[in-house]
Amino acid sequence: MYTHLELRDSARPPVSLATLDKMKAEGEKIASLTCYDASFGVLLDIADVDVVLVGDSLGMVIQGHDTTVPVTMDDIVYHCRAVSRGLHRPLLIADLPFMSYPSKERALENSVRLMQEGGAEMVKLESGAGQIEIVEFLAGHDIAVCAHLGLKPQSVHKTGGFRVQGRGAEAATRMVANARALEAAGADIVLLECIPSELGAQITAELEVPVIGIGAGPDTDGQILVLYDILDITSGRKPRFVKNFMEDAANILEAARAYVRAVKDGSYPGPEHGFA
Ligand code: KIV
């Protein structure tokens with residue numbers, strides 16, 4: 001009992017929301033990666049990754065689907081449970097998959113599953129104006145929430161593909177307003193995917209909560225990438241924000257450490273990884 005609290009006194013205390021807030025305040029970049037099993041979880045912990053996400057990208061990189069749409073709650077719970085066994089220090093976030101949050105009640109029920117069965121400490125949902133009430137409801141039940149804005153892979157069939165979002169004044173203004181509203185509703189982290197670097201910088205400056213980006217430029221408070229992308233396991237065309245960290249690494253642990261170093265010292269992402 002209270003092992004978690006005792007570990008806070010150890011040399012490597014677990015990352016909490018307070019840790020991330022402090023990192024934002026002090027300008028220390030947050031290094032995050034996705035993960036899908038316990039063995040990789042152990043390696044990412046040793047590599048000092050701050051935040052680990054059991055993303056519904058598992059539908060593409062583990063299950064071989066073309067999109068994240070087929071991923072179920074049971075899939076995320078299974079992988080999250082495995083990852084949580086491998087982790088000690090990183091904060092563990094789990095994705096609410098497609099159609100697992102059509103109402104605030106279902107969102108709460110499924111968030112509870114991710115936390116109680118999967119061991120997640122925070123849930124992430126693809127968000128916009130339509131999810132503000134859901135975020136407020138989850139936050140009102142003391143669930144830590146990450147609101148995902150920008151490219152929302154669960155909506156690809158509606159939006160017409162994996163495209164950069166927030167281009168043009170109107171779309172950018174709407175995204176800034178949504179980010180502010182989600183923060184006001186109680187989101188603890190905002191994640192921005194595939195948006196112009198300038199917009200990533202603007203949203204990061206305007207929000208008090210930490211902002212983590214993937215293809216959102218160098219100025220967000222932290223970065224996240226799909227683990228299999230940095231290890232160059234993913235086949236096919238890579239998005240421009242992907243960097244292969246295996247290139248100069250002798251093994252997977254070294255590659256993960258190189259990624260953390262590059263995020264922390266600001267050498268990743270470079271201008272070539274961003275969108276105008
Ligand atoms: O599912 C996932 O891996 C994600 C990342 C792309 C952020 O949501």
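Whatever order the structure lists ligands and atoms in, that order sets their numbers, starting from 1.
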Revision key, fill the gap. Under 4.0 Å between heavy atoms, the region of Leu58 that gets near ligand 1 turns out to be neither
Review point. Which of the numbered atoms in ligand 1 are below 4.0 angstrom from a heavy atom of Glu193?
Key: 6 (C)
**Study point:** Test salt bridge (Lys or Arg N to Asp or Glu O under 4.0 Å) applied to Asp48 and Arg12, Arg261, Arg257, the passing residue
**Key:** Arg12
**Study point:** Derivation of the side chain to side chain contact (heavy atoms under 4.5 Å, CB included) call for Val54 and Ile93
**Key:** CA-CA 6 Å; Val54 179; Ile93 308 180; over 6 Å; no
**Study point:** His148: numbered ligand 1 atoms lying under 4.0 Å from its heavy atoms
**Key:** 8 (O)
Point to revise | Over 12 foreign heavy atoms within 6.0 Å of CD, Glu208 | key: no
Review point. Thr34 heavy atoms, cut-off 4.0 Å: which ligand 1 atoms fall inside?
Key: 3 (O)
Point to revise | Close-contact set for ligand 1 against Asp95 heavy atoms, below 4.0 Å | key: 1 (O), 2 (C), 8 (O)
Point to revise | Side chains of Tyr228 and Ser57, donor plus acceptor under 3.5 Å | key: no
Point to revise | Geometric N/O contact Asp56 with ligand 1, under 3.5 angstrom | key: yes
Study note, to complete from the structure: If we number the atoms of ligand 1 from 1 as shown, the ones under 4.0 Å from a heavy atom of Gly55 are 1 (O), 2 (C), 3 (O)
Exercise for review: Return the residue, atom name and 0.1 Å-rounded distance of the protein heavy atom closest to atom 5 (C) of ligand 1.
Suggested key: Leu53 CD2, 3.9 Å
**Study point:** Ser267 side chain to Asp265 side chain, donor-acceptor N/O pair below 3.5 angstrom
**Key:** yes
Exercise for review: Taking only heavy atoms of Ile214 into account, list the atoms of ligand 1 that are under 4.0 Å away from them.
Suggested key: 6 (C)
**Study point:** Heavy-atom side-chain proximity of Val209 to Ile189 below 4.5 angstrom
**Key:** no
Point to revise | Sub-4.0 Å heavy-atom contact, Glu126 with ligand 1 | key: no
Check your understanding: Thr204 and Asp219: side-chain donor and acceptor closer than 3.5 Å?
Key -> no
Check your understanding: Hey, does Val156 have a side-chain heavy atom less than 4.5 Å from the side chain of Phe162?
Key -> yes
Review point. What is the closest protein heavy atom to atom 2 (C) of ligand 1, and at what distance does it sit?
Key: Ser57 OG, 3.3 Å
Check your understanding: Any idea which protein heavy atom is nearest atom 8 (O) of ligand 1, and the distance to it?
Key -> Lys124 NZ, 2.8 Å
**Study point:** Face-on cation placement of Lys243 at Phe245 ring, 6.0 Å and 45° thresholds
**Key:** yes
Point to revise | Side chain, backbone, both or neither: the part of Thr68 lying under 4.0 Å from ligand 1 by heavy atom | key: neither
